[in-house]
Amino acid sequence: MKIKKIKDMKFIQKSKLFVGLISGFLVLGISCTDLEEDLQTELTEQINTEGTSPSSESGGNGGNGAGGAILAGPYSQLREGSANHGGYWSVQSVSTDEMAITQKGGDWYDGGIWIDVHKHTQGPTNGPVNDAWGQLYGGVNECNDKLSGTLSANEEAQIRTLRAFFFMRLVDMYGRVKIITTPGGNAPQSTRLEVYQFVESELLDVLGIAAVSPTMDLSGSDLTTGDDKYRINQFAALGVLAKLYLNAEVYSGTAMYQEAHDAADYIINNGGYTLVDASYEKNNLGARPGVDSDPEMLTGYATIFAPNNQNNPEIIWSIEFDAVTAGNMNYSQMTLHYSSQFSWNLQSQPWNGYVALEEFYNSYEDGDARKEINFIVGEQFDSGGNTIVDYSDSADPVLNYTPAVNELEPNAQRDGGTRLGKFSFEQFGKDNMNNDFPLVRLGEMYLIRAEGLARVSGDWSMAMADVNMLRTRAGVSAITSVTADTFLAERGREMFMETTRRSDLIRFGKWDDAWWEKAGGVGAHAELMPIPQEQIDASSGSLSQNPGY
Amino acid sequence: MKIILLRSLLLLGAFLCFGYVQAQQEITGTVSDNSGPLPGASVIEIGTTNGTQTDFDGNFTLSVAEGAQLKISYIGYLDTTLEASDSPISITLQEDAQALEEVVVVGYGSQNKKEITSAVVQLDAEEFNKGVVNSPAQLLQGKVAGLTIANRGGDPNGQSQIRLRGLSTTGANAEPLVVVDGIIGASLNNIDPNDIENINVLKDGSAAAIYGSRASSGVILVTTKKGRGDTTSFEYNGQASVSTISKSVDVMSTQEFIDAGGVNLGADNDWLDLVTQTGANYVNNFSVSGSTGSTNYRVSGNLRSTEGILRNSGFDQFNTRANINTKILDDRLSIGFNASYTNRKSEFGLTDGLRYGVLYNPTAPIYGVDSPFAFNSAQFGGYFEALGLFDSFNPVSIVEQNKNYGKRIEFLAGLNVKFAITDNLSVTGLYSKQNNTKRENQYYPTTSHYRGNATSTTKGRADFINEDFESDLFEIYGTYNPSISDKLTMGLTGGYSWQEQNEKRSTFAFADFPDASRDWSDNIFSSGAFQLGGVDRIGGGSYTRPDDRIIAFFSRVNMTWDNAIFFNASIRHEGSTRFGPDNKWGTFPAIGLGADLNKYLELKNVNLLKVRFGYGVTGALPFENGYSQEIFSFANVPPGSSETGWQTLGSGNRAPNPDLKWEEKHEINFGIEFGTDRLSAVLDIYNRDIEDFITDIAVETSVHPSGLMIGNAGRLNTKGIELTLNYDLIKNEKLTYNTGIVFSTYKSVLEENALGSATFRGNLGAPGQNDTNVVLVQEGEEIGQIIGAEWTGEVDANGSQTFVDIDGDGTIETEQTVEAYNEGDLTVLGKGIPDFELGWTNRVSIGNWDINAFFRGQFGHSLVNNYRVFFEPQVGSQTGYNFVNTELADSRIKTAKFSSHYVEKADFFRLDNLSVSYSFNLGEKTAKYIKGLSMNIAGQNLFTLTSYTGNDPEASLADIGSTDNGGRPARIDNPDPLVPGIDRRSNYFASRTFSVGLVAKF
C-alpha cells in the first residue's frame, strides 16, 4: 500500500511536469484564440447611397415626388409576385373565372396545386398561397426598414401608403394577419376588421384628412400632386383608398360605398388623367414584319398595357417593369405555347400554362376592342408569316388557340384555350417584359365611382353613364340598362388580368358559384385564403388558421 | 579481469573456429502473411546474434551455418522456427490473435489495436477494392460496416457521397472529416489511391471526439506509404481498362414508338448509342522508395487518363507525392516532410446528353437537312431540333457542340517534427499548408439550342468559374508515457491546434457572340471582335470567405491494467469563427472502457473475447460563414431605370442568429470482438442522438422576409448494428480461402423536426410534376419515407390510374399533400434508405494465383424512377418524346401521375469487383534485377441482381433536386440529405469496367 503511494507520488510529480509543459503550449496558444468573424462578401451594414445616387431626391428621371434611391427598395418589392408565375398574381387570378392553368397531359399537373386554386380546394400547405404571403410581407418589411431610418416627409408618406397597399392585399387575401410596423418586429394576429382599420387610418393620415368627402382638402398631405407613375402621389393614395372602401363591407362589415364614390370622383375631377381613346397612339412593338394584319400602331385601351406604356395618361400609379433593370413580369412565358416563341422571336421558350376560360372570353361581344387585345386566339404565325407547327402533335400539328378547352385536367389540349395577350408582347422580347403594371388607373376609378353611386342609391342604372364611357372607348355600343350582373360582367371585361376579379366576385356574392369545371358550394370559408401552414408552424402559436381550413 | 578477458578470447576463438569449421550457406527467402509479403519481419539464426529483416517485398538474404535453425518473427504474428534448408524458402506467418499487437492510427498518435475501446476500423492496402479506382473513397466501398460510399453512376469526375452510420445532420455538412497523415481537412482528391498505406475509420463518437466540432459525421484517417527497407526499390504499377455502359433505360424502339402514336419524323436513331462510347482508361504509377541510415523516403508519380461512357467526358491527372523522414540527435529528433501535388484536367461532359439521349424522339434525324419539313439547319449548327417541345434537345448536338471542362490543381506540404525529451516524453509540432485552385469553363456556341440560346436574340454563352482555397494548420502536442507499474501502463497526450482557411470564388458569364465560327470564350476581351453591349449579356459574381479559423485544445489519457482492462478518455475544447459571439467555444468529451475477458475466462480455442464501451460527444460546423451576423442585400440598378443607383435592401437572404452554436451528437457504442485461430468477429451496437442541428429554421415571413434563419433545432436518433466476420475456410500452404462479411443496419427517426410540422420534400419537377413532393419529413417518423397514392392496377376511361381508397371514406384524395397523407389516401410506398447493407469478400490464393471476389448489396430500399414517372405513360400530348418502356410499362395508362407504380424496390446484390492476379516465379538471374512481377485482370460492376428497372439500383442518399429544359439541378452543389430515394433523370449512368494490370518491382 505504502509502496503504491510512493509510486503515485512519483507519477503525480511526473504528471505535473507534463501538465506544466502542456500548459506552456496553452499559454502560447491563448494569444492565438482569436475567433472574431470578419465577413467580406456579405454587406454587414446598410450602405447609404443618398446624395450619391443620380436619381436621389430631385435628380434623375424620378421627377416631382419621386424620392431618391432610398425609395427604390420598397417600391421594387411590388415586383415580387405582382405579374409573374407562382405567387400573388397567380393565386389572385387562377382562382377566378378569368383563367386556369390546365393540365396538359404530363405537363402542368404540378401536384394539383393549380387545379386546387382554380376549384377553391387549396389547403394551408398550398405553395403559391404561402409564396404570396411572403411576397406581401416582403414589401411590408422593406417599408418598415426604411421607415425606421431618416426620411423626408414626402418619402415617409409614400412608404406608409405603399405599406398600407401591401396590407390591403393581405387583408383581402388572408383577412386575419399581423400588423407589423417595425423592422424584424412581431405583433399579435389582428382581426380582419383591425387590419382594415389600420389600412384606412394610414391612408387617411398620409392624405392629411380625417375622412373622405366631396369637400375634402388634401393640402395638408405630404404627398404631392406630381405625375410620376412609379411613385405615389395624392391621387394614387386616394385611388388605393377608393379600392379599399369598395370592398369595405367584405373586410369590415360596414359599407363605405359613398366614400369609395367620393374618392374616385375626386380623382376623376382633379387628377388631370384622361381615358385614352383611339386618338392616343403608340408604336406596336409586337408587329411581325411578315404579317400584314399586324397594325403599325396601337391605340386606346391597348396602349395602357403595352410594352411602351410608361407615362400613359390613364395610369395614376403603376409598377415599373423593365426587361433589364426591373424584371419579374413574364406573361409571355406563362401563357404562350412553346412554339409561339417564333411569333415574337422571344428570347426563351414559353411554358404553355395559363389559358382564359371559354365563357369569360365569350362574354365579350365581337367588335369589342378589348376582346382583340386581351386574348390571343386562332391559328398562329411566326414573324415571317409562316404557319406555326407543333411538332409534338402529329394528328393536328398546326398551332391554333381555340376558345374551347376539352377539360381542365388531366389531358387538356396543348393548344386549347385563348391566351392572355392584354400585356402585349414585343418582338425579340426577353423573359422579363417591359410593360408596366397599372395599380391605379382612371378606367377603374370610373368603375368605382359608378358602382359606389349605384350601391348607395340602390339603383344600378346610376352606373350607366360611367360604364358607357368605357364601352364607347372599347368601340362597343352603349348599354341602356344595367343590373348588378351586367355591371359585374362589364367590370370583368375591363379589368381582366388586373387582379381585381377575385374581390369583385366575392363582393357580388358570386365567389361560390360554379363555372366550367369549378363546382359551386365549396363554402364561405373559401372567400379567404388559408393562413399558410408554414407561417403557422414558424409562429410559435401566435398565428391561427382561418375558419374552415 | 584477466580471467574474464581470457574467457572472452576463448569464446571468440571458439566462435571463430566454429564459424570456420561449419560450412556457411546463403539462405534467401520470402516472408509473407495470408495477404502478401511482410516487410520488416525479423529473421534470426537461433543461438546467434546473426539476423536480418525482410525488405519491402518480404525478401531476405542471410548467411547462416549449415543446418541452422531460423526464427522468423513479426509483431502480431506467431513466431515460426524452421531449419535452414534449400534456398529459397517461403514462410507464411500466422497471425497471433492473442497478441494482437497491431498498431492502429487514432487521432494524434496510434494505439495498440487491443487497447482501443471504440469502433475503429483499419483497412490496409491489400484489403482495398481492386481494379480501376480513381478516388480514395471508392477503395472503401462496401468494406467497412456502417460506411456507405454512394457513387451513383460512373461519372469519372463525380464525387462520392460518404455517409457513416447514416445521416449525421440534416444540414449539408454530412461528410466525414478527412485527416491525411495527421493533416486535418486535407483533400482526398490530392491522394492517388495507389499511395495509400491504410485507411482508418473512426466510426463512433468516443473515437472521433478528439476531433471535436467537425467529427459528427465520423473521421477518416488516411496514412500514405512511407519508404522502407534498406535498399532503394522502384515499383511500377500499370493498368489499362475499358468502361462500357452497364445498363441503360429501356425506351421504345422506333417501330414501337410509331405504333404507340409517336410523332414520326422519318429517321431511325438510337440516341443513347450516339452519345455514349466505350471509355479507355490508363493508370501508370511509379514509385521509388528506400532508406539510407536513419532517413527513409518515398517518391511517387501517378498518371491517370480516364474516359467516361458519355462522349467527351473524362479526365487526365498527374499526381506526385514525396514522403521523407529522418532522425537526428541520437534519434531523438524526428523530422518528417511530405508534399503532394495534383493536376487534373477534366472534361466534365454534358450529362444531359444521357438524359435527352433516353428521351429524344427516335424518329428524329440527327441533322437538319434530313428534316421532314422546312428547317433552318444553319441556326442550329446543322443539327435538327424538335422546336416547340418543352425539355427536348438533340442529344448529339448537346455533346458535340458544347464544352464543359475544367482544371484543378491541389498542393499540400506538411512538416512534422517530433522531439523525444526523454524516453517517455515527447513533443510533436505539425505545420501544413494546402492550396487548391479550381477552374471550370463552359462554352455554348450561338448555334446550340441547349443552353446556347440559338433561338434567341442574345446567342451563345460562356461561363467561367474560379476558386481558390487555402488552408493553414499548426498543431503542437506532447505525449507522455509514464511507467507506473508492471500492471498499469499509461499514456497522456495534450496539445493545441490552430487552423485557418480562406476561400475566394468568382464567376463570370458572357453571352451574345457574333457567330459560331470559333470559341469566343477565348476572345472575351479581344478588342473589336465584338462589343459587350447589353447588360444582360454579362453576368458575374464573387465571393470571399474571410479568415475562417478553428482553434482547439485537446488532451487524452489511455490506461491499461493487467494488459486486459483498458480505459481511454479524451476532451477537446474547440472554437470556430462561424458561431455566434457567445457560443464560439464547445467542449467535446469522450470516454471508453474495454476488457479482454478471455484473459480471465481462458476459453478453449478462443484467442480473444473483448468487450468495449464508448461514449463521446462530437459536433458539426455551419456550412458557411456569417450566419450569426445581420446582413443586407443590395443592388446597383444600372442606368435606364427610374431607380438607378445603389439600393440597400433592409434584409439579407436570412435572419441573423447571434446564438448560433455547434450541432451536438452524443453517441454510445458497445462492441464485442471475438477471435479464434480462424474466425474473427466484431459486433458493434450504437445509439446516437443528434440535436441542435444547424439547419434552416422557418421564420414568419412577416418578421423576416427571407422566412429563414440558420439556427439550432431538431433531434435525430439513429440506432444501428454493425457486424464484421472473417473466416479462414481453407488455410494450408497450397491454398488459402478467406471469406468475410460486413453487415450493417440502422434506423433514423426524426424525433424533433426543425422544419415545423410535417412537410413533403423532393419535388419531382417539370414537366408537369412541379409541387409533386414525394418524401415525407415528419416528427416522430423515420427518415426517407416515400409517400404517394397506391395504384389499384386498374385504369379509368381516361386512361388514368385509379387508386386505393386508403381511408375508406369513399372519396379518393391523392394530391401530394400532408393533408392527403394524414386524412386522405396517400400512404407509404417505400423508403429511400436501405434496411441493411452487405459486403462479402472472398480471397483465394492458390500457388501464384490470387483471386478476389467482392459482392455488395443493399436491401430494403426503394427508388422513385423519374424516367418512368414522366415518360412511361403514353400521354397523347407527349408523343414528341420517346416513351420509356420498361417491363413495368402499362400501355393502358394515358396520364402522368406519380403513384406506387413508379416507386420500385431497388434491392440489389452485385458482383462489384472480381480480380485475378498471378505472380511470376522469377528465375535466379532475373531476380537479380526484378524483385517481383505480377499481372492482374479485374472487372468492376460485373453483374447485378435486382428488379429495379432504372439505370442503377444504388440507394440515393441525398437529392440533387429537379431540373428541366436544360437547366442545372436545383441542389447539385448542396444535395438535400432529408430526401433519399429519388433517382433523377440528371444522373450519370453506371458503367462496367474491365482492366488488365501489371505490377513490377525492381
Side-chain angles (χ1 to χ4, degrees), chain A residues 11 14 18 21-22 25 29 32-33 35 37-44 46-47 49 53-55 61-62 69 72-73 104-113 123 125 127 134 137-138 141-142 145 178 180 186 230 322 324-326 338-339 347 390-392 394 410 414 428 535 537-539, chain B residues 263 386 388-390 456-457 476 478 480 482 484 492 494 496 498 535-536 543-544 546 551 575 577 584 626 629 631-632 634 637-638 640-650 698-703 705 707 756-757 767-768 770-772 815-819 870 875 877-878 880 895-896:
Chain A
F11 164 64
K14 283 194 176 178
F18 179 74
L21 198 75
I22 295 300
F25 300 141
C32 304
T33 55
L35 291 174
E37 186 183 52
D38 182 17
L39 297 181
Q40 285 163 28
T41 289
E42 292 85 1
L43 201 64
T44 50
Q46 295 214 33
I47 296 175
T49 58
S53 158
S55 68
N61 56 359
K104 298 159 192 77
D107 227 356
W108 283 105
Y109 173 63
D110 292 0
I113 51 173
T125 55
Y137 268 114
N141 261 284
E142 203 51 57
D145 194 74
K178 291 178 169 183
I180 291 176
N186 210 330
Y230 304 143
D322 184 281
V324 177
T325 61
Y338 308 112
S339 297
Q347 176 163 12
D390 175 359
Y391 306 130
S392 63
S394 48
R414 282 163 59 93
F428 302 104
Q535 307 304 324
D537 288 346
S539 75
Chain B
V263 177
L389 198 56
F390 179 72
S456 150
T457 47
I476 184 161
Y480 178 54
I484 299 165
L492 284 165
Y496 167 80
W498 182 95
V535 177
D536 59 338
Y543 171 80
T544 296
I551 295 174
T577 45
K584 294 273 188 211
Q629 299 193 45
I631 59 168
F632 300 90
F634 57 107
V637 176
S641 160
S642 69
E643 292 163 6
T644 297
W646 277 99
Q647 305 172 14
T648 308
L649 300 184
V699 174
E700 287 172 80
T701 43
S702 50
V703 175
S757 65
N770 271 317
D771 290 273
T772 306
E815 280 156 21
Q816 291 293 131
T817 60
V818 176
E819 290 92 331
F870 289 80
V875 180
S877 57
Q878 284 188 192
T895 63

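Convention: sequence-line order gives letters A, B, ...; per-chain numbering from 1.
- Residues Ser702(B) and Gln535(A) bring no donor and acceptor atom of their side chains to less than 3.5 Å of each other.
- Contact between Gly138(A) and Pro705(B) at its shortest, heavy atoms only, is CA-CB, 3.7 Å.
- Heavy-atom pairs under 4.5 Å with chain A were tallied for Gly707(B), Ala896(B), Gly575(B), Gly626(B); the largest tally goes to Gly626(B).
- A side-chain donor-acceptor contact under 3.5 Å links Asp110(A) to the backbone of Asn770(B).
- Here OG1 of Thr125(A) is found 9.0 Å from CD of Glu815(B). Values are rounded to the nearest 0.5 Å.
- Of the two parts of Phe390(B), the backbone and the side chain both hold a non-hydrogen atom closer than 4.5 Å to a non-hydrogen atom of chain A.
- For Thr817(B), there are no side-chain hydrogen bond (donor to acceptor under 3.5 Å, both in side chains) partners, not counting sequence neighbours.
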### Task
Decide side chain to side chain contact (heavy atoms under 4.5 Å, CB included) for Asn186(A) and Glu700(B); before the verdict, give the C-alpha distance in whole Å, the side-chain angles of both, and the deciding distance to 0.1 Å.
CA-CA 9 Å; Asn186(A) 210 330; Glu700(B) 287 172 80; 3.6 Å; yes

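- Chain B forms the most heavy-atom pairs under 4.5 Å with one residue out of Leu35(A), Leu39(A), Asn141(A), and that residue is Leu35(A).
- Heavy atoms closer than 4.5 Å to chain A are found in the backbone of Val699(B), but not in its side chain.
- Shown here are the side chain to side chain contact (heavy atoms under 4.5 Å, CB included) partners of Thr772(B), two or more places apart in sequence or in another chain: Tyr109(A), Leu764(B), Gln769(B), Val774(B), Gln816(B), Phe898(B).
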